Amino acid sequence: EVQLVESGGGLAQPGRSLRLSCTASGFIFGDYAMSWVRQAPGKGLEWLGFIRTMANGGTTEYAASVKGTFTISRDDSKSIAYLQMNSLKTEDTAMYYCNRGDGSGLYWGQGTLVTVSS
Amino acid sequence: DIQMTQSPSSLSASVGDRVTITCRASQGIGNYLAWLQQKPGKAPKSLIYAASSLQSGVPSKFSGSGSGTDFTLTISSLQPEDFATYYCQQYNSYPITFGQGTRLEIK
């Protein structure tokens, strides 16, 4: 059974950093791109970006809103995708979901909540 | 970036009704269109990909159509568990973008 479990969320102060993890199981992690999508409270879904498989160079694509401040990486040996979030702002407060694929995939994690507040 | 516009933004319907949600892309996206369902406090669930293909396990009461810029999601014989928010999503090009969502409520 495919499972994606996000972790690492919590309360962070503006300007600080946070790293989220998406731990995968039930499939060959290295064979799939992995992506992150967020949802601010009461708002719609926002695609953040994704990382390709290492066979496809492990390259990344990002939304303009997070490019330069958020970084997606992966550790295929641990079956984990990461979202490094730097210079956090209050508007980054959201539920963060990982998705198997480039964001259009079938499988989603349950999400991890990030609250940015002083 | 490709903008996705859904209509209506909210919709009231009764159990047993058939409803249609539309999604328009700001430029042609072929059939690179997905529909997702989200219930309060839950992760999105993928219903349809490639505009009209049902994901495994999704009941046939859900159907999608369209190509290019105009797409529809139809839900027949509404049941209580179908009342949720529905999003369209284009994955023709990056950045992937979503519609603003359609909230389907019980009348």
Side-chain angles (χ1 to χ4, degrees), chain A residues 1-7 9 20 22-24 26-27 32-52 56-57 59-70 72 94-113, chain B residues 1-10 21 23 25 29-59 62 64 71 73 84-105:
Chain A
E1 178 192 7
V2 172
Q3 282 198 318
L4 301 172
V5 179
E6 300 93 337
S7 59
L20 306 184
C22 172
T23 303
F27 63 98
Y32 291 87
M34 295 296 297
S35 57
W36 290 90
V37 172
R38 71 181 175 185
Q39 186 171 38
K43 303 297 185 181
L45 300 168
E46 179 187 13
W47 180 83
L48 300 178
F50 85 108
I51 185 166
R52 296 177 176 86
N56 286 304
T59 53
T60 52
E61 303 283 345
Y62 295 99
S65 59
V66 302
K67 193 170 186 178
T69 55
F70 287 13
I72 299 172
M95 184 70 78
Y96 285 75
Y97 299 101
C98 64
N99 174 266
R100 192 184 80 171
D102 64 358
S104 64
L106 170 61
Y107 296 101
W108 294 78
Q110 84 292 346
T112 187
L113 181 63
Chain B
D1 298 2
I2 298 175
Q3 293 212 356
M4 306 300 292
T5 304
Q6 289 181 233
S7 60
S9 295
S10 64
I21 300 169
C23 178
I29 60 170
N31 69 337
Y32 291 94
L33 189 284
W35 288 98
L36 300 93
Q37 175 194 65
Q38 189 178 34
K39 297 180 180 179
K42 300 295 186 182
K45 175 185 176 181
S46 180
L47 298 176
I48 287 172
Y49 65 99
S52 61
S53 298
L54 245 56
Q55 291 284 8
S56 175
V58 174
F62 294 94
F71 302 86
L73 171 69
T85 298
Y86 293 85
Y87 294 93
C88 63
Q89 176 201 48
Q90 70 79 21
Y91 53 98
N92 176 73
S93 64
Y94 303 119
I96 286 176
T97 47
F98 295 89
Q100 80 279 14
T102 296
R103 185 174 178 180
L104 177 56
E105 301 173 317

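Numbered from 1 within each chain, the chains take letters A, B, ... in sequence-line order. Keep in mind it's a predicted model, so treat the numbers as computed, not measured.
The ring pair (Phe, Tyr, Trp, His ring centres under 6.0 Å) search around B/Tyr87 returns none, not counting sequence neighbours. Residues passing the ring pair (Phe, Tyr, Trp, His ring centres under 6.0 Å) test with B/Tyr91, sequence neighbours excluded: B/Tyr32. With sequence neighbours left out, A/Thr112 forms a side chain to side chain donor-acceptor pair (under 3.5 Å) with no residue at all.
Side-chain N or O atoms of B/Gln89 include one that pairs as donor or acceptor with a backbone N or O of A/Gly103 at under 3.5 Å.
The CG atom of A/Leu106 lies 10.0 Å from the CG atom of B/Leu47; values are rounded to the nearest 0.5 Å. Here the straight-line distance linking atom CG of A/Leu45 with atom CD of B/Gln100 works out to 11.5 Å at 0.5 Å rounding.
Other residues, nucleotides and ligands contribute more than 12 heavy atoms inside 6.0 Å of the CD atom of B/Glu105. Counting heavy-atom neighbours within 6.0 Å of A/Lys67 NZ, excluding the residue itself, gives a total of 12 or less.
At a heavy-atom cut-off of under 4.5 Å, chain B is reached by A/Tyr97, A/Asp102 from residues 95-102 of chain A, listed in order of number.
Residue A/Gln39 touches chain B through its side chain alone, counting heavy-atom pairs closer than 4.5 Å. Using a 4.5 Å cut-off between heavy atoms, A/Glu61 touches chain B through its side chain atoms alone. Of the atoms belonging to B/Gln90, not a single heavy atom falls under 4.5 Å from chain A. Proximity to chain B (any heavy atom under 4.5 Å) is restricted, for A/Phe50, to the side chain, taken from C-beta onward.
For chain B, the option among A/Gly105, A/Ala64, A/Gly44 with the highest count of heavy-atom pairs below 4.5 Å is A/Gly44. Per-residue heavy-atom pair counts under 4.5 Å with chain A were compared for B/Gly101, B/Pro44, B/Gly41, B/Pro40, and the maximum is reached by B/Pro44.
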